[in-house]
Amino acid sequence: MSSAEELTFVVGRWLRPIIVLLYVVRSLGLMTTSSREQRSTALDQ
């Protein structure tokens, strides 16, 4: 069985890319919603 240090290293190695991916998806989602809102407000004016 692997030690706690090895387990932490493996979990960290898998978790970091997932967190980065979620951050990128969230920022891209915010960008698309903000641009969509800008477009809708421009049409309203």
Side-chain angles (χ1 to χ4, degrees):
M1 207 58 200
S2 57
S3 67
E5 287 180 3
E6 289 175 344
L7 191 65
T8 305
F9 177 74
V10 170
V11 169
R13 202 174 63 181
W14 279 102
L15 210 58
R16 198 166 299 139
I18 292 172
I19 290 171
V20 170
L21 188 69
L22 286 173
Y23 177 77
V24 169
V25 167
R26 194 177 66 181
S27 60
L28 284 174
L30 288 173
M31 279 170 34
T32 54
T33 51
S34 64
S35 63
R36 199 179 303 135
E37 287 171 2
Q38 289 172 358
R39 233 178 282 126
S40 64
T41 53
L43 287 172
D44 289 342
Q45 291 177 353

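Any value given below was found using the heavy atoms of this structure, including those in side chains, with hydrogens, waters and symmetry copies removed.
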Open item on the list: Running the 4.5 Å side-chain criterion over Ile, Leu, Val, Met, Phe, Trp and Tyr, what cluster does V10 land in, apart from itself?
Closed with: W14
Open item on the list: To check you understand the geometry: which heavy-atom pair defines the closest contact between P17 and G12, and what is its length?
Closed with: CD-O, 4.5 Å
Task: Listed partners of V20 passing side chain to side chain contact (heavy atoms under 4.5 Å, CB included), at least two apart - done: V24
Task: Members besides L22 in its Ile/Leu/Val/Met/Phe/Trp/Tyr cluster (side-chain heavy atoms under 4.5 Å) - done: I18
